[in-house]
Trainee: 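Take a look at the following structure, please.
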Amino acid sequence: VLNPAILAAYDNFCPKYLIKRGFSKEVLKTYEIGYDKMHGRIVLPARDVLGRLVGLTFRADDDVTEPKYQHEHWDKAKHLYGLWQALELLPKTKRLYLVEGQLDTVRLREHKQAAGAIMGSSISEEQLELIVTKAGAGDYEYISMFDNDLAGIKATRRLISMARKSYGLDMNLKITVYKAKDPGVITAVQLFTQTIYISPEQWKRDNKKVLDDLDKSRQPLTQPYKRR
């Protein structure tokens with residue numbers, strides 16, 4: 001656990017890169033997102049479900065600098081980024097979106113939706129248990145909205161397998177079919193009028209060929225995949 005006083009160094013700087021991408025100052029403040037002026041990096045603090053500061057992510061303030069992300073102090077597999085902020089919205093929205101990245105979470109918050117990021121393309125057992133323990137298996141809908149690529153397909157399959165094995169049908173899980181590249185760029189129109197929510201079983205039927213091809217291939221999941 002970190003001393004939250006360290007955030008004061010970034011508190012008065014608003015990342016212009018994110019403003020240009022359409023994120024509002026209000027939502028950025030909700031996630032305490034600031035700017036490391038000295039090193040030219042966006043700062044994304046991470047809090048656990050008790051609101052304690054557990055880590056920092058530094059992101060490049062453009063789309064060309066590598067590495068784009070640097071994570072410090074925290075074990076990403078044991079936390080769900082944004083879950084602490086999402087808990088206040090859940091009683092109203094009744095659904096929690098599960099996404100891959102931090103800015104995916106922030107974008108959905110712009111659309112008044114509760115979301116949490118698994119910080120990669122593979123949900124951990126600790127993260128799944130954390131979600132269900134804190135929010136309840138059957139109290140809300142859990143919406144998988146991973147990136148529209150092969151890694152996202154694999155992540156969705158893993159989530160379905162883990163959820164069904166651990167919680168069966170008690171966990172109200174839905175899978176999205178949406179038109180954006182990833183949730184970080186999804187528009188309100190795409191989210192509210194063009195996104196389809198289906199059962200895990202239907203998703204597996206619709207993607208049977210893709211899943212079969214993944215099982216046959218040992219190649220890394222690097223090629224883009226566009227859902228129908």
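Every value quoted in this text rests on a predicted model; they were computed, and no experiment measured them.
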Trainee: Side chains of T57 and Q102 only: does a donor on one sit below 3.5 Å from an acceptor on the other?
Mentor: yes
Trainee: Heavy-atom distance under 4.5 Å between the side chains of Y81 and L44, does that happen here?
Mentor: yes
Trainee: Could you pull out the closest heavy-atom pair between R59 and L103, with the gap in Å?
Mentor: NE-CD1, 3.7 Å
Trainee: If every non-hydrogen atom of A77 is compared with every non-hydrogen atom of S124, which pair is closest and at what distance?
Mentor: O-OG, 2.5 Å
Trainee: Are Y197 and T195 close enough that some pair of their side-chain heavy atoms sits under 4.5 Å apart?
Mentor: yes
Trainee: Looking at side-chain heavy atoms only, is the closest gap between S199 and I175 below 4.5 Å?
Mentor: no
Trainee: Between the side chain of T30 and the main-chain N/O of E26, is any donor-acceptor distance below 3.5 Å?
Mentor: yes
Trainee: L80 and I33: same hydrophobic cluster, using ILVMFWY side-chain contacts below 4.5 Å?
Mentor: no
Trainee: Find out whether Y17 and Y35 are in side-chain contact, i.e. whether some heavy atom of one side chain is under 4.5 Å from a heavy atom of the other.
Mentor: no
Trainee: Would you check if V185 and Q190 make a side-chain contact, meaning some heavy-atom pair closer than 4.5 Å?
Mentor: no
Trainee: Atom CG in L98, atom CG in D104: separation rounded to 0.5 Å?
Mentor: 11.5 Å
Trainee: For the backbone of V27 and the side chain of S24, can you confirm whether one donor and one acceptor N or O come within less than 3.5 Å of each other?
Mentor: yes
Trainee: Taking the side chain as every heavy atom from C-beta outward, state whether Y178 and P183 have any pair of such atoms under 4.5 Å apart.
Mentor: yes
Trainee: Quick check: are there more than 12 heavy atoms from other residues, nucleotides or ligands sitting under 6.0 Å from NZ of K112?
Mentor: no
Trainee: Can you hop from L191 to L89 via hydrophobic side chains spaced under 4.5 Å?
Mentor: no
Trainee: Go through it in stages, so that I can follow the logic: the residues are D212 and K208, the test is salt bridge (Lys or Arg N to Asp or Glu O under 4.0 Å), and I'd like the CA-CA distance, side-chain angles, deciding distance and then a yes or no.
Mentor: CA-CA 6 Å; D212 288 344; K208 185 177 186 305; 2.8 Å; yes
Trainee: Ring of Y140, cation from R95 - is the NZ or CZ under 6.0 Å from the centre and inside 45° of the axis?
Mentor: no
Trainee: Take V99 and L108 through the side chain to side chain contact (heavy atoms under 4.5 Å, CB included) test and state the conclusion after the steps.
Mentor: CA-CA 10 Å; V99 296; L108 288 173; 3.7 Å; yes
Trainee: Looking at N207 and K204, would you say the former's side chain and the latter's main chain have a donor-acceptor pair under 3.5 Å?
Mentor: no
Trainee: Is it the case that over 12 heavy atoms from other parts of the model lie below 6.0 angstrom from the CD atom of Q194?
Mentor: yes
Trainee: Taking the side chain as everything from C-beta on, heavy atoms only, tell me whether L90 gets closer than 4.5 Å to E88.
Mentor: no
Trainee: Let's go through Y142 and L159 carefully: what are the C-alpha distance in whole Å and the side-chain angles of both, what is the deciding distance for side chain to side chain contact (heavy atoms under 4.5 Å, CB included) to 0.1 Å, and is it a yes or a no?
Mentor: CA-CA 11 Å; Y142 296 93; L159 171 62; over 6 Å; no
Trainee: Considering residues, nucleotides and ligands other than E72, do more than 12 of their heavy atoms fall under 6.0 Å from its CD?
Mentor: yes
Trainee: Would L2 and V54 count as a side chain to side chain contact (heavy atoms under 4.5 Å, CB included) if you check the C-alpha gap in whole Å, the side-chain angles of each, and the deciding distance to 0.1 Å?
Mentor: CA-CA 6 Å; L2 304 177; V54 293; over 6 Å; no
Trainee: State plainly whether one hydrophobic cluster holds both L18 and V43, where clusters connect Ile, Leu, Val, Met, Phe, Trp and Tyr through side-chain heavy atoms under 4.5 angstrom apart.
Mentor: no
Trainee: Return the orientation label for the H111 and F192 ring planes: parallel under 30°, perpendicular over 60°, tilted otherwise.
Mentor: perpendicular
Trainee: Has D48 got a side-chain atom pairing as donor or acceptor with L53's backbone, closer than 3.5 angstrom?
Mentor: no
Trainee: Identify whether the distance between the nearest side-chain nitrogen and carboxylate oxygen of K174 and E141 falls below 4.0 Å.
Mentor: yes
Trainee: Any chance you could measure L128, atom CG, to M162, atom CE, to the nearest 0.5 Å?
Mentor: 5.0 Å
Trainee: Please find the pair of heavy atoms, one from S121 and one from A155, that lie closest to each other, and give the distance.
Mentor: O-CB, 3.0 Å
Trainee: Measure the spacing between CG of L169 and CD of E201 and express it to the nearest 0.5 Å.
Mentor: 7.0 Å
Trainee: Is any NZ, NE, NH1 or NH2 atom of the basic residue among R107 and E100 found under 4.0 Å from an Asp or Glu carboxylate oxygen of the other?
Mentor: no
Trainee: Might you point out which heavy atoms bring L173 and P200 nearest each other, and give the distance in Å?
Mentor: O-CD, 3.3 Å
Trainee: With rounding to the nearest 0.5 angstrom, report the CZ to CG distance, F146 to D182.
Mentor: 13.0 Å
Trainee: Would you indicate whether Q202, at its atom CD, is surrounded by more than 12 heavy atoms from other residues, nucleotides or ligands within a distance under 6.0 Å?
Mentor: yes
Trainee: After noting the C-alpha distance and the side-chain angles of R47 and Q85, does the key distance pass the side chain to side chain donor-acceptor pair (under 3.5 Å) rule?
Mentor: CA-CA 9 Å; R47 292 186 179 271; Q85 290 89 344; over 6 Å; no
Trainee: Applying side chain to side chain contact (heavy atoms under 4.5 Å, CB included) to I19 and L28, what does each step give before you reach the verdict?
Mentor: CA-CA 9 Å; I19 297 297; L28 295 180; 3.9 Å; yes
Trainee: Over 60° means perpendicular and under 30° means parallel, so classify the ring planes of H71 and Y69, tilted if in between.
Mentor: parallel
Trainee: Where do L87 and V49 come nearest, in terms of heavy atoms and distance?
Mentor: CD1-O, 4.3 Å
Trainee: Are V106 and I42 connected in the hydrophobic side-chain network, where two residues link if heavy atoms are under 4.5 Å apart?
Mentor: yes
Trainee: Of all heavy-atom pairs between G116 and L96, which one has the smallest distance, and what is that distance?
Mentor: N-CD1, 4.1 Å
Trainee: Using a strict cut-off of less than 4.0 Å between a Lys/Arg side-chain nitrogen and an Asp/Glu carboxylate oxygen, indicate whether E125 and K165 qualify as a salt bridge.
Mentor: no
Trainee: Give, for atom CD of E32 and atom CG of L56, the distance between the pair rounded to the nearest 0.5 Å.
Mentor: 10.0 Å
Trainee: State the CD-CD distance between Q113 and E110, to the nearest 0.5 angstrom.
Mentor: 12.0 Å
Trainee: Could you see if V210 belongs to whatever hydrophobic cluster contains I196? Use Ile, Leu, Val, Met, Phe, Trp, Tyr and a side-chain cutoff under 4.5 Å.
Mentor: yes
Trainee: In terms of relative ring orientation, are Y10 and F58 parallel, tilted or perpendicular, with 30° and 60° separating the classes?
Mentor: perpendicular
Trainee: Under 4.0 Å between a Lys/Arg side-chain N and an Asp/Glu carboxylate O for D213 and K209?
Mentor: yes
Trainee: Does E129 reach the main-chain N or O of E126 with its side chain, forming a donor-acceptor pair under 3.5 Å?
Mentor: no
Trainee: Salt bridge check: are D215 and R157 linked by an N-O gap of less than 4.0 Å?
Mentor: yes
Trainee: Can you confirm whether I123 sits close enough to I131 that some side-chain heavy atom of one is under 4.5 Å from a side-chain heavy atom of the other?
Mentor: yes
